[in-house]
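Below: one structure, written as structure tokens.
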Amino acid sequence: MIDLRLLREDPETVRASQRARGESEAAVDGLLHADAARRTAVGRFEALRAEQKQLSGRIPTARGDERAALLARAKELAASVKEAEAAVGAAEETLRAAQLAVPNVIEPGTPPGGEDDYVVLRTVGDPPEIESPRDHLELGEGLRAIDVERGAKVSGSRFYYLTGIGALLQLGMLQLAIQHALEAGFTPVIPPVLVKPESMEGTGFLGAHASEVYRLEADDLYLVGTSEVPLAAYHSGEILQLDEPRRYAGWSSCFRREAGSYGKDVRGIIRVHQFDKVEMFSYCRPEDAAAEHLRLLAWEEEMLAKVEVPYRVIDVAAGDLGSSAARKYDCEAWVPSQGRYREVTSTSNCTTFQARRLQIRYRDADGKPQIAATLNGTLATTRWLVSILENHQQPDGSVRVPKALQPYVGGQEFLEPARG
RNA sequence: GGAGGCUUCGCCUAGUCUGGUCUAUGGCGCCGCACUGCUAAUGCGGUUGGGGUUUUAAAGCCCCUCCCGGGUUCGAAUCCCGGAGCCUCCGCCA
């Protein structure tokens, strides 16, 4: 939810944000209108209610005719109050709907446009020279690390088993991410992956992303697509001490339906229904959010350096931000078999947008509660294995293990394909 | 799965049977002031949150908020119905 105060005082900023995203400016006017309508309704209700209270207060001491007259008037008033209250309820519902239609206001400097209008901020490392590279699935199968055939047999398409060295490699990578976060002062968290509708909705995943989300009908619970959800909802309704940003690193499985992505990335483990991820999540004061965002990006890049893969950083364009983010930086790792960069991390500054809905606040210098800012970013996910396997492959199908991961695979420097 | 109990302004707590004077009691904590040469102690005052209105701003005034949603009533923390969470016991499973 965007800040209605900002909207009233400076609607042009919000309109400009909508234009950059390629979204409707009419939604802004709709929201302005709904806001004004609600305030009118509230004013009417409160005036009637004040009169009613005042009248009711006089009844206990009134006697005889006066009492009867008061009762009669009060009774009339009660009906009007009820009506006015219902009008407020309706106006609030309209406002809520209008608010859902307006995504976060973009940060100044965000590239305008859609998916292809990103700006490359930097490219780090050189893609390795590999003659006719094997793709990660071929390598993974050779190492007996990835088994998509049995994944499909047991659970369907886009499911897989990580076995042997594959399982170790993923556990090692995630452990490395947690250690990395720990050194940076994060609190490691293993959160629930099933959440209530309000938690899912509060984080903004039941809007445009609703069809992406697995729902357990019998229990009215949702499987999270990222631990951002339980980490954001963790402090919902609370007032936090935020002199310093509060940082959590969540380790969880993530579940995505991938509806509408039929035929995309069907091979291997690039796009799957279930994967594991270590996610950074920060709560901070709004004025610290942009700086915190750059810190999250820096930690992501340090992790990518540890697994020794070439990557580039892009500044995601306004139209591709998602509703909660004011700005987003993705790191894309080089995938030799595809000859291009693919997203492996994503860090978003959600400013106060997410926290407003979840009622996450802090006390400012005057002791007044204010809405906090929230940010998130990826520290490692299953998809990284794609880039790790492919970039470090050798002509014979073996794979060199980045130094930082070697302790997690029994100290091996090279993973050798199984024979036969 | 069954039975019962609980949920009050940061924390603890009074109030609910018997609706209005609840504008919600007291303690702890916190903040300010006073006093004492420091500390401690003491005294006085303040301290839920959200919204509306007015304003350069503040103050003020008003409304909502006693787990949530309905209902009864002129009037609900209090009575009724539904729901959530927590706890205890029983059953079941291990």
Side-chain angles (χ1 to χ4, degrees), chain A residues 1-10 31-100 191-192 194-203 206 215-222 229-230 233-243 246 283 285-286 352-373:
Chain A
M1 297 194 311
I2 67 162
D3 183 1
L4 291 178
R5 237 170 269 267
L6 168 88
L7 175 73
R8 276 176 225 149
E9 285 165 15
D10 187 10
L31 183 51
L32 274 168
H33 183 260
D35 175 47
R38 185 198 73 102
R39 277 150 60 210
T40 305
V42 165
R44 188 176 301 134
F45 162 72
E46 288 188 354
L48 284 168
R49 177 69 177 150
E51 192 183 349
Q52 181 193 35
K53 282 181 69 167
Q54 199 254 356
L55 221 59
S56 289
R58 279 157 56 195
I59 288 175
T61 53
R63 293 288 174 269
D65 288 349
E66 194 199 347
R67 185 184 168 92
L70 281 175
L71 276 173
R73 263 191 70 203
K75 194 155 193 168
E76 272 174 42
L77 210 52
S80 318
V81 166
K82 202 165 193 174
E83 213 173 287
E85 194 173 16
V88 169
E92 275 171 352
E93 205 165 304
T94 305
L95 176 64
R96 195 178 151 68
Q99 249 174 328
L100 290 179
L194 282 168
V195 300
K196 299 198 245 181
E198 64 216 65
S199 304
M200 201 49 117
E201 187 171 9
T203 41
L206 289 187
R215 173 159 182 244
L216 280 83
E217 180 123 34
D219 300 284
D220 201 15
L221 290 170
Y222 293 89
V229 174
Y234 187 57
H235 285 305
S236 61
E238 298 181 19
I239 298 178
L240 304 171
Q241 159 74 26
L242 283 184
D243 295 337
R246 242 179 138 99
Y283 297 87
R285 299 179 171 202
T352 57
F353 189 86
Q354 198 173 52
R356 185 166 292 108
R357 205 177 321 183
L358 289 167
Q359 286 289 311
I360 301 160
R361 293 172 295 175
Y362 69 97
R363 289 194 190 278
D364 66 15
D366 298 327
K368 282 274 158 217
Q370 303 287 354
I371 305 288

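The chains referred to below are lettered A, B, ... by the order of the sequence lines, with proteins before strands, and numbering in each begins at 1. Owing to the predicted nature of the structure, the values given are computational and were not obtained by experimental measurement.
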Checklist entry - Between Leu95(A) (CG) and rG51(B) (P), how many Å, whole number? => result 12 Å
Item to check | Out of rG52(B), rG49(B), rG20(B), whichever nucleotide has its closest atom nearest the side chain of Arg363(A) | outcome: rG49(B)
Checklist outcome for this item: Nucleotide by nucleotide, nucleotides 63-72 of chain B touches protein heavy atoms under 4.0 Å in the pattern (B base, S sugar-phosphate only, - none) BS-------S
Checklist entry - rG10(B) C1' sits how many Å from Ile239(A) CD1, rounded? => result 9 Å
Checklist entry - Quick one: Glu85(A) CD to rG52(B) P, roughly how many Å, whole number? => result 17 Å
Checklist entry - How long is the line joining CZ of Arg67(A) and P of rC74(B), in whole Å? => result 11 Å
Item to check | Which nucleotide in rG75(B), rG49(B), rG51(B) has an atom nearest any side-chain atom of Ser56(A) | outcome: rG75(B)
Item to check | Distance, nearest 0.5 Å, that separates CD of Gln241(A) from OH of Tyr362(A) | outcome: 12.0 Å
Item to check | Pairwise C1' distance, rC68(B) and rG52(B) [rounded to whole Å] | outcome: 24 Å
Item to check | pair Asp220(A)-Arg215(A): side-chain heavy atoms closer than 4.5 Å | outcome: yes
Next on the checklist: At 4.0 Å (heavy atoms only), tell me whether Arg44(A) reaches a base, stays on the sugar-phosphate, or touches nothing.
Outcome noted: nothing
Item to check | 5' priority, RNA chain B, between Lys196(A) and Ala74(A) [closest heavy atom] | outcome: Ala74(A)
Item to check | rU16(B) versus rC79(B) - spacing of their C1' atoms, nearest Å | outcome: 10 Å
Checklist entry - Using atom P of each nucleotide, how far apart are rC61(B) and rU73(B) to the nearest Å? => result 34 Å
Checklist entry - Would one find a side-chain N or O of Gln52(A) under 4.0 angstrom from OP1 or OP2 of rC74(B)? => result no
What pairs of donor and acceptor atoms, side-chain ones from residues 32-39 of chain A against any protein atom, are under 3.5 angstrom apart with sequence neighbours left out?
unit_1	atom_1	unit_2	atom_2	d
Asp35(A)	OD1	Arg8(A)	NH2	3.2
Asp35(A)	OD2	Arg8(A)	NE	2.6
Asp35(A)	OD2	Arg39(A)	NH1	3.0

Checklist entry - Given the C1' atoms of rU21(B) and rU78(B), what is the spacing between them in whole Å? => result 15 Å
Checklist entry - With a 4.0 Å cut-off on heavy atoms, is Glu76(A) in touch with a base, just the backbone sugar-phosphate, or nothing at all? => result nothing
Item to check | Inter-nucleotide C1' distance (rU8(B), rG85(B)), Å rounded | outcome: 16 Å
Checklist outcome for this item: So CD of Gln99(A) and CG of Leu4(A): to nearest 0.5 Å the spacing works out to 4.5 Å
Checklist outcome for this item: Side-chain atoms of Arg39(A) come closest, of rU53(B), rG51(B), rC74(B), to rU53(B)
Checklist entry - Which value, in whole Å, describes the distance between the P atoms of nucleotides rC22(B) and rA77(B)? => result 13 Å
Checklist outcome for this item: To the nearest angstrom, the CD-P distance between Glu238(A) and rG49(B) comes to 16 Å
Checklist entry - Applying salt bridge (charged side-chain N to carboxylate O under 4.0 Å, His left out), which residue pairs with at least one partner in residues 45-62 of chain A are found, sequence neighbours left out? => result Glu51(A)-Arg73(A)
Checklist entry - Do the charged groups of Arg246(A) and Glu238(A) touch, with an N to O distance under 4.0 Å? => result no
Next on the checklist: Applying a 4.0 Å non-hydrogen cut-off, can you work out what Arg8(A) is touching in the nucleic acid: base, sugar-phosphate, or nothing?
Outcome noted: sugar-phosphate
Item to check | Arg361(A) vs rG49(B): side-chain N/O to OP1/OP2 distance below 4.0 Å | outcome: no
Checklist entry - What is the nucleic acid contact for Leu71(A), judged by heavy atoms within less than 4.0 Å: base, sugar-phosphate only, or nothing? => result base
Item to check | Spacing of Met1(A) atom CE relative to rG50(B) atom P, expressed in whole Å | outcome: 13 Å
Item to check | Separation between CD1 of Ile371(A) and CZ of Arg285(A), rounded to the nearest 0.5 Å | outcome: 14.0 Å
